[in-house]
Amino acid sequence: MKRLIALIGLIACFTCMQAQKVKHPSLLYTPERIQMAKQRVANNFRYAEYWQQIREAADSKLQKRSLNDADYLSLAYLMTGEKKYSDKIREILLDVIKADTWGSTEMLARIPVWTADLGLAHKAYLSAIAYDAVYNDLSAAERKKIARGLKRLALDPCLGDWVLEPTRIHSLNSMGHNWWTSCACMGGILALSLQNELPEAVEGVRVLNEVLPEWFSFAGDVLQQKPKSFDGVGGMYESLNYANFGIQEALQFRLAWKNVNPGQRQPEIPELERISSYFMHVCYPRTGMLYSLNFGDSHKNVSAESSLMLLYALGIKDDNMLWYMNQVEQGQHRDGYFLNRPMGFLYTPDLSRAPAVPDLEKSQLFADFGWATMRTSWEKDATMLAVKSGHTWNHSHADANSFILFHKGVDIIKDAGNCWYPNPNYRNYFFQSQAHNVVLFNGKGQPREQQYHGSTLRGYLHYLMDAGNTKYILANGTGPYSDNFSRNFRHFLWQDNVIYMIDDLKTHTNGHFEWLWHPGGQARKQGTDLNITNGASAVTVRPLYPRLLAKSDFVHDYPEDLYWETVEAPTEDLKDTETYYSFHLPAEVNRVKGVTAIILKDTPDDKDLLCMERREGKDWIGLRIHNKGKVTDLYINQLADGRLMHSNSWIEADGWFTDAYMFAVTYEEGTLPADSKDIFIGYGSALRRGTISYFASLSKLFVIQKAEGRQMKLWIEGQPKVNASFGHVNRPASLEVNGKSVPVNYKQSTLKVRY
């Protein structure tokens with residue numbers, strides 16, 4: 001009886017495996033995609049030109065015998081059916097399986113041995129594409145021989161090291177970034193191609209398909225200070241370059257699985273729905289090549305059209321994705337899906353429906369991994385401020401509280417970038433705080449060990465608000481700098497054409513503070529300003545507190561003012577050097593407020609700059625700014641920086657009574673501050689003037705208030721439950737709170753907001 005049951009089981013298993021026979025080709029270069037490409041070539045001169053480039057590239061590879069050429073040869077064969085291509089692919093496959101190993105010397109020397117790395121994973125992918133393309137031209141003996149060779153050289157190392165028991169050596173905690181998806185998923189694509197010849201490949205595919213969602217949902221850990229992989233709104237901490245690569249590798253497997261198994265459901269991966277918006281929010285559309293944020297180990301010319309094309313092919317579509325793909329220039333970086341490369345040729349969708357600008361918010365906070373972007377518009381060459389304060393480790397640099405400013409087509413205040421990892425400049429400069437726009441203490445930034453061990457205490461971004469001409473975000477870099485700092489907060493208050501950067505700093509001991517500036521153009525100190533120009537783009541950097549820049553080169557005549565130092569550092573390509581600026585405070589202190597205005601100029605020759613007056617009173621410092629017919633009074637409460645424990649931080653300033661950390665009132669020239677309809681409150685529970693309560697809340701909140709005629713708009717951050725009142729306002733006909741219309745609750749000359 002037991003033998004009969006076992007026999008029935010074997011028959012059932014064999015029947016199941018027979019039902020899963022793969023009809024080749026079916027991975028990524030599918031008959032449907034090939035037919036679509038042929039139609040495009042026949043009907044579109046542009047596509048015909050790209051096809052000609054691909055075919056010429058394939059023809060040039062016929063004289064070689066390299067697996068690296070397999071994707072071009074495979075596409076050429078499937079598009080033409082010409083035997084010269086399939087013969088070359090067969091020759092390559094039969095040749096490469098003669099190798100003893102595809103593992104690298106470095107990885108094979110590790111303990112335990114790493115038999116699969118990125119290079120081997122790429123070979124696995126190319127082998128799968130080639131085997132899939134010429135499968136029907138191979139004899140049964142050749143198929144078996146090649147399959148066994150690829151199993152030994154690539155399939156077993158990829159899935160054995162990264163996924164399957166009892167040989168797996170990696171975990172998502174140790175190597176759960178882009179290496180995991182590349183090695184595991186390229187092994188998975190190879191397994192898909194070999195299922196007819198290798199029954200064990202079927203099980204490998206099943207397991208990988210089942211566990212792939214764990215990579216997307218990985219929540220990080222405490223013991224090794226590993227951050228969660230994906231932000232709740234779609235971003236990935238690992239830098240744009242590696243985020244795109246890791247996601248692309250996962251999506252290639254998922255798409256190949258779907259093509260091999262038409263009609264079957266895959267495990268749900270909810271993160272996929274949010275990925276495309278991340279790539280769009282971190283890009284900068286401009287005249288010419290699309291730029292992207294290059295925080296960490298990335299480059300500004302890297303784009304993510306590959307991941308978006310794969311998402312689109314998987315059925316996750318919207319017109320914003322078409323807009324993004326339409327911004328990418330052909331060939332703008334090494335690994336792209338461009339139309340003259342096989343995957344781009346097959347998977348670029350019809351971009352004729354791409355909108356001129358995307359339907360997206362102009363600001364986005366990725367709170368889980370600490371990036372934020374704010375921009376004036378989605379038009380090309382607009383202004384975009386990007387801020388970072390998150391985790392430091394691996395590809396994420398020691399740059400908590402750093403920022404990049406794009407203006408009129410260029411990164412006018414930039415990130416220094418990165419270089420090839422084995423070069424000493426990578427670990428000694430590009431990764432370190434000195435390569436970023438941060439504040440150092442006694443010449444030090446974040447501890448160097450964080451590159452390898454991570455930052456036990458990470459940085460954070462909070463309270464993003466975008467009210468059009470007023471935007472705000474708070475960066476908290478205290479954790480990553482906590483060996484020296486007990487407070488390291490950086491506020492960005494962007495009003496009209498000025499970004500006010502307020503640094504709230506406290507250290508454990510007295511010492512010297514210095515502010516770093518990496519210009520993305522020609523920088524020239526002029527009086528108390530630093531002017532940066534690059535083509536049509538220009539900004540003025542104006543330190544205001546704790547001191548101005550010394551007026552002249554005779555710094556000994558200004559012993560208390562900021563003095564400057566120019567520092568030579570390597571360029572990203574390591575072919576030259578470039579200069580960045582360091583502004584030093586001569587005094588040795590352990591607490592300081594730094595206020596710097598970054599003035600966005602319309603043209604490099606713009607002389608119509610705003611007038612700023614430094615002002616101080618009891619327990620406050622501030623500015624009065626005259627700018628194009630408007631006056632803004634900015635106040636910073638010196639008692640609200642953590643120095644008081646239980647006492648609230650009340651100050652009186654020019655007739656205003658408040659406990660706010662800072663606030664700003666804007667009014668027309670010739671009118672009174674008390675009549676302001678445009679107010680910013682940063683971390684306050686009340687703003688009063690005489691007997692009138694302009695704002696009140698039991699909890700301290702961040703508020704932007706704008707009254708336009710009988711329309712009131714409010715932006716409120718800080719607490720999940722809000723019960724606030726706004727006095728000295730006329731009854732509005734309509735009310736918006738955080739972009740949503742809400743009923744007007746107006747009693748006794750006071751507007752009530754509760755949620």
Side-chain angles (χ1 to χ4, degrees), residues 27-29 54 57-58 61 64-75 89 92-93 95-108 114-133 146-147 149-163 170 175 177-194 201 204-205 208 212 215 238 241-257 297 302 304 306-307 309-310 333-338 341-347 395 420-421:
L27 298 180
L28 297 171
Y29 299 7
I54 291 172
K61 300 174 190 304
K64 305 174 185 178
R65 192 165 63 185
S66 171
L67 185 59
N68 292 330
D69 304 328
D71 50 350
Y72 282 85
L73 293 169
S74 296
L75 181 58
I89 295 170
I92 290 171
L93 289 175
D95 182 61
V96 295
I97 60 172
K98 297 175 183 176
D100 292 330
T101 179
W102 284 358
S104 70
T105 303
E106 178 185 343
M107 297 299 167
L108 293 174
W114 293 27
T115 61
D117 61 2
L118 294 183
L120 188 145
H122 188 56
K123 288 183 178 180
Y125 167 76
L126 291 171
S127 301
I129 295 299
Y131 190 76
D132 187 46
I146 294 170
L150 294 178
K151 176 182 182 297
R152 173 178 61 85
L153 291 166
L155 183 60
D156 288 347
C158 283
L159 296 186
D161 275 15
W162 294 87
V163 180
H170 299 292
M175 286 292 288
H177 44 290
N178 65 85
W179 276 61
W180 191 89
T181 50
S182 182
C183 294
C185 291
M186 297 308 96
I189 290 177
L190 180 58
L192 282 168
S193 72
L194 303 179
V205 169
L208 178 58
L212 184 57
W215 182 78
E238 213 190 352
N241 182 33
Y242 290 103
N244 178 58
F245 177 66
I247 293 166
Q248 166 197 295
E249 302 291 89
L251 296 181
Q252 284 188 104
F253 169 75
R254 192 165 171 89
L255 180 59
W257 189 96
D297 288 339
V302 170
S306 58
S307 290
M309 287 181 193
L310 293 166
H333 63 100
R334 184 185 66 183
D335 300 317
Y337 275 19
F338 305 123
R341 300 178 184 177
M343 284 296 288
F345 181 73
L346 293 177
Y347 283 92
H395 295 299
W420 176 232
Y421 308 139

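The distance from the CD atom of Q252 to the CG atom of L27 is 10.5 Å, given to the nearest 0.5 Å. Atom CG of L150 and atom CG of D156 lie 11.0 Å apart (nearest 0.5 Å). Separating the CE atom in M107 from the CG atom in L118 is a distance of 7.5 Å, to the nearest 0.5 Å. The CH2 atom of W257 sits 11.5 Å away from the CG atom of L208 when rounded to the nearest 0.5 Å. The distance from the CD1 atom of I129 to the CD1 atom of I89 is 10.5 Å, given to the nearest 0.5 Å. Note: M343 CE to L75 CG = 10.5 Å, rounded to the nearest 0.5 Å.
Take Y29 and apply the side chain to side chain donor-acceptor pair (under 3.5 Å) test, not counting sequence neighbours, and it matches no residue. By the salt bridge (charged side-chain N to carboxylate O under 4.0 Å, His left out) test, R65 is found to be paired with E91, D95, residues two or more places apart in sequence or in another chain being considered. Under the salt bridge (charged side-chain N to carboxylate O under 4.0 Å, His left out) criterion, D117 pairs with no residue at all, not counting sequence neighbours. Among residues two or more places apart in sequence or in another chain, the ring-ring contact (aromatic ring centres under 6.0 Å, His included) test is passed with Y72 by none. Residues satisfying the ring-ring contact (aromatic ring centres under 6.0 Å, His included) test with Y242, not counting sequence neighbours, are H395. Annotation: side chain to side chain donor-acceptor pair (under 3.5 Å) contacts of N244 (sequence neighbours excluded): S306, S307. Remark: F245 pairs with no residue by the ring-ring contact (aromatic ring centres under 6.0 Å, His included) rule, at least two apart or across chains. With sequence neighbours excluded, the residues that form a salt bridge (charged side-chain N to carboxylate O under 4.0 Å, His left out) with D69 are K61. Residues that satisfy the side chain to side chain donor-acceptor pair (under 3.5 Å) test with S66, not counting sequence neighbours, are absent from this structure. Not counting sequence neighbours, S74 has no partner by the side chain to side chain donor-acceptor pair (under 3.5 Å) test.
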Side chain to side chain contact (heavy atoms under 4.5 Å, CB included) between N68 and L126, worked out: CA-CA 7 Å; N68 292 330; L126 291 171; 4.1 Å; yes
Derivation of the side chain to side chain contact (heavy atoms under 4.5 Å, CB included) call for V96 and L153: CA-CA 9 Å; V96 295; L153 291 166; 5.9 Å; no
Evaluation steps, side chain to side chain contact (heavy atoms under 4.5 Å, CB included), between C158 and L120: CA-CA 8 Å; C158 283; L120 188 145; 3.5 Å; yes
Side chain to side chain contact (heavy atoms under 4.5 Å, CB included) between F253 and L310, worked out: CA-CA 10 Å; F253 169 75; L310 293 166; over 6 Å; no
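Nearest heavy-atom pair, L190 versus S127, reported as atom, atom and distance to 0.1 Å: CD1-CB, 4.3 Å. Of all heavy-atom pairs spanning P157 and K151, the tightest one is CD-O, 3.9 Å. Nearest heavy-atom pair across W215 and H177 is NE1-O, 3.2 Å. Of all heavy-atom pairs between L93 and I146, the closest is CB-CD1, 3.9 Å.
Checked against L192 for a side chain to side chain contact (heavy atoms under 4.5 Å, CB included), the options D132, V205, L28 give a single hit: V205.
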Show me the donor-acceptor pairs, under 3.5 Å and distance only, between side chains in residues 179-189 and residues at least two apart or in other chains.
| residue | atom | partner | partner atom | Å |
| --- | --- | --- | --- | --- |
| W180 | NE1 | W162 | O | 3.2 |
| T181 | OG1 | N178 | O | 3.2 |
| T181 | OG1 | G246 | O | 2.9 |
| S182 | OG | E249 | OE2 | 3.0 |

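At a cut-off of 3.5 Å, with distance as the only test, no side-chain donor of Q248 or Y337 sits close to an acceptor on the other residue.
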